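Here's the structure we're looking at; comments come further down.
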Amino acid sequence: MNEAASGVADIGGLIDIVEPAAPLLAAHGNWPWIAAAVAILVVLAVAILKYKLPAYRALRRLRKLRLQAVAGELTPHESVFMLALELRRGLGIKRLRAEEVPVMFKQQDRTAWPEFMQHLDTLLYQRGAELDAGALAALFAQIEKWLWRYSR
């Protein structure tokens with residue numbers, strides 16, 4: 001009767017239910033964990049950008065060069081010269097030579113490198129070497145692939 005007198009009815013023992021725990025974000029003692037997680041995410045983002053930023057820059061210059069070549073601002077010979085310069089700069093090598101395959105290349109690219117360099121040398125240094133729009137586009141595509149994979 002004491003329960004009835006206090007205004008609490010007997011509803012089968014549900015009076016002793018414990019309230020749910022407070023959410024983790026609402027607790028004041030978790031801010032160091034949240035700050036650490038944000039710091040880790042920032043460090044990872046910076047590391048990824050630092051790792052791939054030269055590749056993005058090289059590809060951006062390559063796309064700009066492609067637009068200039070398509071617009072007719074560059075002759076085919078100038079385009080090939082600028083492509084060779086971007087490839088050398090993007091891969092971080094001193095000289096483009098058929099016999100010196102960049103160290104970081106995978107086997108499939110190691111076999112294609114000498115032939116590609118012979119073709120590039122022919123286009124650069126042989127007087128009267130012709131380059132049509134399709135061959136120039138293929139040259140751009142090959143260099144873009146290598147810059148994306150192996151840019152330093």
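This structure is a prediction, so every number in the text was calculated from the model and none was measured.
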Problem set entry | Transitive ILVMFWY cluster of Leu44, excluding itself - 4.5 Å side-chain cut-off |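 Leu44 clusters with Ile40.
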
Exercise. Do Leu87 and Met104 sit in the same hydrophobic cluster, where Ile, Leu, Val, Met, Phe, Trp and Tyr count as joined when their side-chain heavy atoms come under 4.5 Å apart?
Worked result: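 Same cluster.
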
Exercise. In terms of hydrophobic clustering (I, L, V, M, F, W, Y; side-chain heavy atoms under 4.5 Å; direct or indirect links), are Leu67 and Leu85 co-clustered?
Worked result: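 No: no chain of side-chain contacts under 4.5 Å links Leu67 to Leu85.
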
Exercise. Who passes side-chain hydrogen bond (donor to acceptor under 3.5 Å, both in side chains) against Arg57, sequence neighbours left out?
Worked result: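 Scan of Arg57 (side-chain hydrogen bond (donor to acceptor under 3.5 Å, both in side chains), adjacent residues dropped) gives none.
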
Exercise. Side-chain contact, heavy-atom cut-off 4.5 Å: Leu74 with Leu65?
Worked result: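 Leu74 vs Leu65: side chains touch.
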
Exercise. Are Val103 and Tyr150 side-chain neighbours, meaning at least one heavy-atom pair lies under 4.5 Å?
Worked result: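 Heavy-atom side-chain distance check fails, nothing below 4.5 Å.
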
Exercise. What residue pairs, at least two apart or across chains, pass ring-ring contact (aromatic ring centres under 6.0 Å, His included) with a residue in residues 115-137?
Worked result: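 Non-adjacent pairs meeting ring-ring contact (aromatic ring centres under 6.0 Å, His included): Phe116-Trp146.
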
For this session: Among residues two or more places apart or on two chains, list those pairs meeting ring-ring contact (aromatic ring centres under 6.0 Å, His included) that have a residue in residues 66-99.
Result: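 The answer is none; no pair qualifies.
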
Problem set entry | salt bridge (Lys or Arg N to Asp or Glu O under 4.0 Å) against Arg110, all qualifying residues, sequence neighbours excluded |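 Not a single residue meets the salt bridge (Lys or Arg N to Asp or Glu O under 4.0 Å) criterion with Arg110.
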
I'd like to check the side-chain contact (heavy atoms from CB on, under 4.5 Å) partners of [X]; sequence neighbours left out, ordered by chain and number.
| X | value |
| --- | --- |
| Glu115 | none |
| Gln118 | Ala98 |
| Glu100 | Arg97 |

Problem set entry | Residue pairs involving residues 71-85 (criterion salt bridge (Lys or Arg N to Asp or Glu O under 4.0 Å); sequence neighbours excluded) |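 Listed once each, the pairs would be none.
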
Taking all non-hydrogen atoms of both residues, which atom of [X] and which atom of [Y] are closest, and how far apart?
| X | Y | value |
| --- | --- | --- |
| Leu120 | Ala84 | CD2-CB, 4.0 Å |
| Asp109 | Arg149 | OD2-NH1, 2.8 Å |
| Gly90 | Leu147 | CA-CD2, 3.6 Å |

Only distances under 3.5 Å count here; give the side-chain donor-acceptor pairs of residues 135-145 to other protein atoms, sequence neighbours excluded, each with its distance to 0.1 Å.
unit_1	atom_1	unit_2	atom_2	d
Glu144	OE1	Arg66	NH2	3.1
Glu144	OE2	Arg63	NH2	3.4

Between atom [atom1] of [X] and atom [atom2] of [Y], what is the distance when rounded to the nearest 0.5 Å?
| X | Y | atom1 | atom2 | value |
| --- | --- | --- | --- | --- |
| Trp148 | Leu62 | CH2 | CG | 12.5 Å |
| Lys106 | Thr111 | NZ | OG1 | 13.0 Å |
| Arg88 | Leu83 | CZ | CG | 13.5 Å |
| Leu96 | Arg89 | CG | CZ | 12.0 Å |

